[in-house]
Amino acid sequence: MAKRAALDAMVPMSKTPPERIYLSTPHLGELEHGYVAEAFATNWVAPLGPHVDAFEAEFCATVGASHALALSSGTAALHLALILAGVGPGDEVLVSTLTFVASVNPIVYLGAKPVFVDSERGSWNMDPALFCEALHSRARGGRLPKAVVLVHLYGQSADIDPIQAACDRYGVALIEDAAEALGASYKGRSPGTFGQSGIYSFNGNKIITTSGGGMLVSEDAALIAHGRKLATQARDDAAHYQHSEIGYNYRLSNVCAGIGRGQLAVLAERVDARRRNFEFYREALGDLPGLSFMPEASWGRHTRWLTCLSLEEQAFGASREQVRLAMVEQNIEARPVWKPMHLQPVFAGCESVGGAVAEDLFERGLCLPSGSLLNAGELERVVEVVRRVCPNCP
Ligand SMILES: *Cc1c(COP(=O)(O)O)cnc(C)c1O
């Protein structure tokens, strides 16, 4: 006993904190290194180049699009999509309120006005009934929006058909923000490929990454060709530098595109890994009172880019914030569901169509660590925190 106490005394007193568990981390495959080395070996490190062309072609094949344009970010892709839809100063653009701010910022870059639309509970995405009603009433009032930015949240497609039908009826451009939904499906097809254009993101926290990048897709060859020109400082087709419109520097580098090619090859595996995380959480936590997961709608496959849950405080016996703070204490990164755009100080004064559902999801929603590199021990640590906080748990 005395000997044991002496040994214990030699152990440093300060507890080392448990290793950090992140919400969503990059996860490289086997091929990226070779592609990047090839870019170096051939001195193709400039923007554009053979990897960019191949990445665009391979991306088209993956999502089933006809034309694609690789760009420096998803935000840049959305900015160009809005320009190509003719959005300009004073125009209105309807957009999902429950989203990341990058869905809205490019609307404001153009001097246009975002109008926020609430979510429905079945998919957490834009409520089609509410949207159609808003479009009808605006049509009657002679003030149709120029475009709609339809967001596919957390790896799940919105209910595209009714929204697209209403857009077609009134000649409003449908732009899909599929930044979080690469690998998902809607009635057998990829969200992002239904509208006039669709955008994707390869930011470091997304399901695949180029370290930073984005993609614009469309069935309209002329639209993508014009986007390509705008993304390269809008150079006219002349040997001397001539410009007839304002352009941007938005193209992706050949090095990043090399990473993207490797990542695209493992997309299906990444989706499977994230869905397995979700299954783990569902089996471990699905029986807890007052806890429910983001539903998977009947129209397609959810990638579970992030596993999100919502808590009924009364039944669960603790609030979302108590759970989140318990995670922070254990060095685990968990995040509230996006704060709706109509509640953001920067968009105060913007119009909102409904908003109560998104507010409720924000109040009660939590995103759990969901990266494809998580191991069973890490998932178990997350589950333990949730169960420990819950006083009503078995
Ligand atoms: C990440 C994200 C974007 C922006 O993509 P970046 O490549 O980071 O610019 C846009 N919309 C949504 C919904 C996103 O999650």
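Counting starts at 1 for both ligands and their atoms, following the listed order.
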Pair E269, H27 - check side-chain hydrogen bond (donor to acceptor under 3.5 Å, both in side chains), show working. CA-CA 11 Å; E269 289 168 44; H27 181 178; over 6 Å; no
Tabulating one pair per line, provide the atom names and distances (0.1 Å) for every N/O atom of ligand 1 that is less than 3.5 Å from a protein N/O atom.
from     : atom 1 : to   : atom 2 : distance (Å)
ligand 1 : 5 (O)  : S201 : OG     : 3.2
ligand 1 : 7 (O)  : G74  : N      : 2.7
ligand 1 : 7 (O)  : S201 : OG     : 2.7
ligand 1 : 9 (O)  : G74  : N      : 3.3
ligand 1 : 9 (O)  : T75  : N      : 2.9
ligand 1 : 9 (O)  : T75  : OG1    : 2.5
ligand 1 : 11 (N) : D177 : OD1    : 3.3
ligand 1 : 11 (N) : D177 : OD2    : 2.7
ligand 1 : 15 (O) : E180 : OE2    : 2.6
ligand 1 : 15 (O) : K206 : NZ     : 3.3

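- The side-chain tip of R282 does not point at the ring of F293 from less than 6.0 angstrom away and within 45° of straight on.
- Of the candidates I160, D161, D159, D159 is the only one forming a side chain to side chain contact (heavy atoms under 4.5 Å, CB included) with W299.
- With a 6.0 Å cutoff to the six-membered ring centre and a 45° limit on the axis angle, R20 counts as a cation-pi contact of Y22.
- Side-chain contact check for S119 and D127: no donor-acceptor pair (N or O, by modelled atom type) lies under 3.5 Å.
- With respect to E56 and R251, a salt bridge is recorded, a charged nitrogen being found less than 4.0 Å from a carboxylate O.
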